[in-house]
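The structure under discussion appears below in the form of structure tokens.
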Amino acid sequence: MTEETLEIRGFRIFKGYLDTAEQAALVEAIRGVVRAAPLFSPMTPYGKPMRVRMTSAGRYGWVSDRRGYRYEERHPEGMAWPPIPGEVLAVWGDLVSHARMPDCCLVNFYDADARMGMHQDRDEADFSWPVLSVSLGDEGLFRIGNATRGGKTESHWLQSGDVVVMGGDARLTYHGIDRIKPGTSMLLDAPGRINLTCRVVD
DNA sequence: CAGTGCCT
DNA sequence: TTTT
């Protein structure tokens, strides 16, 4: 049900891609993922906890600890990651590919104060596959930079139901979330934002 | 905490 | 590399 598509520096932003019912179904599916693979607060390699809480679905999950950033086949508590929900795979199929499904769906929970600094997604083996991002809950200010740190940036408020595809030249572009605007969505019970990011890992 | 700005 |  995409209302419009924006393109900012190669990031394709599908505004309102998911309607309210689809968003609610995704949240339910994510609740199932979290029951099977509990949220955890990853530690950065340099010893500071990250602001977001996270878990994953799929063959791989993304983890961070003193040993660095990487994909693992098991949750830090030892269980395998649950399957990626069909609702998520459907979005990937529509916007990315039917031939190849993602290996990982990273689930990030931002509370009202959480942010994510500017970074690249570069832990995957093949950058020819895009990263797909789904926003749920409160709005987040998405910031898009350049292929290297620094330089001018452009920002865009991501709303619940928006989907972003970061591929091609944008695949290694620095990006981050500057802030969350609590109270801008009724989707979740508590203030905050859920972001799903799907990737082909290897 | 100053640049990559965000906006009270 | 996901920081202040």
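Computed from a prediction, not measured in an experiment: that's the story for all the values here. Chain identifiers are assigned alphabetically (A, B, ...) following the order of the sequence lines, protein sequences preceding nucleic acid strands; residue numbering begins at 1 within each chain.
- Straight-line distance from the CG atom of A/L106 to the P atom of C/dT2: 15 Å, rounded to whole Å.
- Counting to the nearest Å, the C1' atom of B/dC6 and the CE atom of A/M118 are 12 Å from each other.
- When heavy atoms are screened at a 4.0 angstrom cut-off, A/G117 is found touching base atoms of the nucleic acid.
- At the phosphate of C/dT2, OP1 or OP2 sits under 4.0 Å from a side-chain N or O atom of A/Y46.
- Applying ring pair (Phe, Tyr, Trp, His ring centres under 6.0 Å) to A/F142 and the options A/F11, A/W157, A/Y110 leaves one that passes, A/F11.
- In this model, the phosphate group of C/dT4 is approached by a side-chain N or O of A/K48 to a distance below 4.0 Å at OP1 or OP2.
- A/R179 comes within 4.0 angstrom of sugar-phosphate atoms only, judged by non-hydrogen atoms across all strands, and of no base.
- Counting to the nearest Å, the P atom of B/dC7 and the CD1 atom of A/I180 are 13 Å from each other.
- When the side-chain nitrogen and oxygen atoms of A/R149 are compared with OP1 and OP2 of C/dT2, one or more of them lie within a distance under 4.0 Å.
- For A/S155 and B/dC6, the shortest distance from a side-chain N or O to OP1 or OP2 is below 4.0 Å.
- The pair A/K181-A/D138 does not meet the salt-bridge criterion, since no charged nitrogen lies less than 4.0 angstrom from a carboxylate oxygen.
- By the 4.0 Å N-to-carboxylate-O rule, A/D202 lies too far from A/R70 to be salt-bridged with it.
- A centroid separation of less than 6.0 Å is found between the aromatic rings of A/Y69 and A/W62.
- Counting any heavy atom pair closer than 4.0 Å across all strands shown, A/R115 reaches sugar-phosphate atoms only and no base atom.
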Can you give each donor-acceptor pair under 3.5 Å made by side-chain atoms of residues 86-94 of chain A, sequence neighbours left out, with the distance rounded to 0.1 Å?
unit_1	atom_1	unit_2	atom_2	d
A/W92	NE1	A/R100	O	2.7
A/D94	OD2	A/Y17	OH	3.3

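- Connectivity analysis of hydrophobic side chains (ILVMFWY, heavy atoms under 4.5 Å, direct or indirect) links A/Y174 to A/M118.
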| query | Could you go step by step and tell me if A/K15 and A/D162 meet the salt bridge (charged side-chain N to carboxylate O under 4.0 Å, His left out) rule? | reply | CA-CA 5 Å; A/K15 299 298 294 176; A/D162 290 355; 2.3 Å; yes
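- Using a 4.0 Å cut-off on heavy atoms, the residues of residues 63-80 of chain A that approach DNA chain C are A/Y69, listed by number.
- The CZ-P distance, from A/F40 to C/dT2, rounds to 17 Å in whole Å.
- Atom P of nucleotide C/dT2 and atom CG of A/L141 are separated by 19 Å, given to the nearest angstrom.
- Stacking between A/W62 and C/dT2 is present: the aromatic ring centre lies within less than 5.5 angstrom of the base six-membered ring centre, and the two planes differ by under 30 degrees.
- Separating the CD1 atom of A/I144 from the C1' atom of C/dT2 is a distance of 16 Å, rounded to the nearest angstrom.
- Rounded to whole angstrom, the span from the NE2 atom of A/H175 across to the P atom of C/dT2 amounts to 12 Å.
- For the pair A/Y110 OH and C/dT3 C1', the computed distance is 14 Å after rounding to whole Å.
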